[in-house]
Number of protein chains: 2
Amino acid sequence: MRWRAVARANCSVARSLAVVGERWTMLILREAFLGQRRFDDFQRNTGIARNILAARLRALVKHGIFQRARANGGGHIEYRLTDKGLDLYPVLVSLMRWGDQWLAGKDGPPLFLIHRGCGRTTRPAIVCTHCGGPLVAREMLAVPRAKLASARRVLRRAGA
Amino acid sequence: MRWRAVARANCSVARSLAVVGERWTMLILREAFLGQRRFDDFQRNTGIARNILAARLRALVKHGIFQRARANGGGHIEYRLTDKGLDLYPVLVSLMRWGDQWLAGKDGPPLFLIHRGCGRTTRPAIVCTHCGGPLVAREMLAVPRAKLASARRVLRRAGA
DNA sequence: CGGTATCCCATTTGATACTG
DNA sequence: CAGTATCAAATGGGATACCG
């Protein structure tokens with residue numbers, strides 16, 4: 001299979017990767033979440049080549065992740081995260097958390113996240129929206145929509 | 001900058017991407033989380049070229065994400081997720097959720113996640129470990145370790 | 001089954017220079 | 001500032017065949 005076919009796979013992971021899985025794209029998004037909005041700032045902070053950056057930004061705008069606009073007053077050009085773009089935050093945070101946990105030097109994580117709502121530094125976790133418990137891979141079952149009903153039956157019978 | 005330098009960036013996102021950010025790698029991991037463990041199954045289910053798959057698996061083993069071993073009884077060869085590998089689950093789930101939300105066809109998401117613990121299908125979310133509230137990008141502040149103390153002061157003074 | 005070995009092509013990349 | 005233009009070099013990708 002060609003990589004390009006991945007965009008049309010019946011899998012949300014594959015489709016997402018087709019949009020944000022290219023090299024550099026996540027680092028551009030990182031900068032965006034850190035507050036950067038301008039071409040040259042993206043360029044400097046990531047070290048990406050200018051032509052590649054231009055291509056990535058174009059694609060991200062096309063996919064509705066950035067909105068390209070002039071700053072207030074008609075100043076410079078800005079790339080602002082749309083709602084669709086902002087919604088990628090969990091992906092970035094998950095990557096960061098994993099790196100914090102498994103790849104950090106002995107100084108520990110370089111960056112901390114403060115949750116304005118509660119004013120605390122937080123180590124975000126992914127949880128079950130029903131029971132609030134942390135989602136651990138081993139406790140999860142992935143079921144294609146067609147098999148949902150039967151999977152539920154089996155689980156119930158098993159006394160879960 | 002060269003891409004290779006990214007692995008040594010002082011940023012957990014960049015470092016993580018250096019390990020799992022290559023093309024195909026996430027799709028291999030997806031298969032692993034769906035229960036696959038064998039070369040040919042990875043190959044068939046992802047459509048990746050065999051030589052590339054071999055290279056990716058080698059790298060993932062080297063990075064301690066897979067453990068390569070013979071199946072019980074000395075049968076075939078298996079790639080099993082280590083703890084480090086299993087810990088990538090949130091990354092995969094976040095990608096999947098974003099795709100579910102923004103890229104799914106009109107049939108809706110192709111795959112559902114059942115949390116064995118509570119027996120319900122769940123839509124995982126990333127939350128603050130302190131207050132339990134959902135983490136929304138706009139409500140977060142990223143602070144380099146060196147500026148942690150001052151950032152906290154400012155927040156407190158602001159009455160947050 | 002679980003890979004290697006080859007070979008070739010396509011794409012990506014990075015550097016640099018240029019422009020309105 | 002926000003890009004284009006160009007171009008050489010590197011890498012990655014895919015198909016196929018082969019092997020223990």
Side-chain angles (χ1 to χ4, degrees), chain A residues 1-9 14 17-28 31-32 35-63 65-81, chain B residues 1-9 14 17-28 31-32 35-63 65-81:
Chain A
M1 182 170 61
R2 273 46 168 264
W3 175 257
R4 313 206 39 198
V6 163
R8 269 146 282 137
L17 288 171
V19 176
V20 297
E22 279 170 305
R23 252 190 204 177
W24 298 112
T25 296
M26 285 289 185
L27 294 186
I28 296 171
E31 289 304 310
Q36 304 302 327
R37 298 181 159 190
R38 297 169 66 165
F39 190 94
D40 278 15
D41 293 328
F42 288 135
Q43 200 280 319
R44 252 192 315 280
N45 297 347
T46 59
I48 187 175
R50 301 177 71 79
N51 51 346
I52 310 287
L53 175 57
R56 293 290 181 275
L57 287 174
R58 203 163 24 237
L60 289 168
V61 168
K62 191 188 80 187
H63 283 116
I65 287 168
F66 277 128
Q67 189 190 3
R68 186 178 185 276
R70 288 204 174 273
N72 304 353
H76 53 266
I77 287 173
E78 283 191 349
Y79 291 89
R80 293 185 207 165
L81 288 165
Chain B
M1 181 169 63
R2 273 48 169 269
W3 176 254
R4 313 206 38 196
V6 163
R8 270 147 280 137
L17 288 172
V19 176
V20 298
E22 279 170 307
R23 252 187 205 181
W24 297 113
T25 297
M26 285 291 183
L27 294 186
I28 295 171
E31 289 305 310
Q36 304 302 327
R37 299 180 159 191
R38 297 169 66 165
F39 189 95
D40 279 15
D41 292 328
F42 288 134
Q43 201 278 318
R44 251 193 315 279
N45 296 346
T46 60
I48 188 176
R50 301 176 70 79
N51 51 347
I52 310 287
L53 175 57
R56 293 290 181 276
L57 287 174
R58 203 164 23 237
L60 288 168
V61 168
K62 191 188 79 187
H63 282 116
I65 288 167
F66 278 127
Q67 190 190 1
R68 186 178 186 277
R70 288 204 176 274
N72 305 353
H76 54 266
I77 288 175
E78 283 190 349
Y79 292 88
R80 293 186 209 166
L81 288 165

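Here is how names work: the chains are called A, B, and so on, in the same order as the sequence lines, proteins then strands, and each is numbered from 1.
- The phosphate of dG12(D) has neither OP1 nor OP2 within less than 4.0 Å of any side-chain N or O from W3(B).
- Here the rule is side chain to side chain donor-acceptor pair (under 3.5 Å) with E78(B), and of R68(B), Q36(B), R70(B), R37(B) only R37(B) fits it.
- N51(B) contributes no side-chain N or O that forms a donor-acceptor pair with the base of dG3(C) under 3.5 Å.
- In this entry the distance linking CG of D40(B) with C1' of dT4(C) reads 14 Å, nearest Å.
- Taking the side chain of R56(B) as heavy atoms from C-beta on, and the options dG2(C), dG13(D), dA2(D), the nearest nucleotide is dG13(D).
- To the nearest angstrom, P of dC7(C) lies 17 Å from CD1 of I52(B).
- Across the protein-nucleic acid pair, R37(B) atom CZ and dC1(C) atom P stand 17 Å apart, rounded to whole Å.
- For W24(A) and dG12(D), the CH2 to P distance is 13 Å, given to the nearest whole Å.
- Residue contacts for Y79(B): at a heavy-atom cut-off of 4.0 Å it reaches the sugar-phosphate backbone alone, with no base atom in range.
- Atom P of nucleotide dA10(D) and atom CD of E22(B) are separated by 19 Å, given to the nearest angstrom.
- Whole-Å rounding puts the F66(B) CZ to dG3(C) P distance at 12 Å.
- Both R58(A) and R23(B) lie near DNA chain D, and the one whose nearest nucleotide falls closer to the 5' end is R58(A).
- Using a 4.0 Å heavy-atom criterion, one finds that I77(B) contacts the sugar-phosphate atoms exclusively.
- Judged by atom type and distance alone, R50(A) reaches the base of dA2(D) through a side-chain donor-acceptor pair under 3.5 Å.
- The main-chain N or O of R23(B) is found under 3.5 Å from a side-chain atom of R56(B) such that the two form a donor-acceptor pair.
- The side chain of R38(A) sits closest to dA2(D) out of dA2(D), dG14(D), dG12(D).
- In this structure, L57(A) atom CG and dC1(D) atom C1' are separated by 14 Å, rounded to whole Å.
- Of the listed nucleotides (dG13(D), dG14(C), dG2(C)), dG2(C) has the atom at the smallest distance from the side chain of F39(B).
- Two residues are said to be in side-chain contact when any heavy atoms from C-beta on lie closer than 4.5 Å; D40(B) and R50(B) meet this criterion.
- Atom CD1 in I48(B) sits about 14 Å away from atom C1' in dG2(C), given to the nearest Å.
- Here the side chains of L27(A) and I48(A) are not in contact, with every heavy-atom distance at 4.5 Å or above.
- Using the six-membered ring where Trp is involved, Y79(A) and F66(A) have ring planes that are perpendicular, over 60° apart on the 30 and 60° scheme.
- Here R68(A) lies in heavy-atom contact (under 4.0 Å) with sugar-phosphate atoms only.
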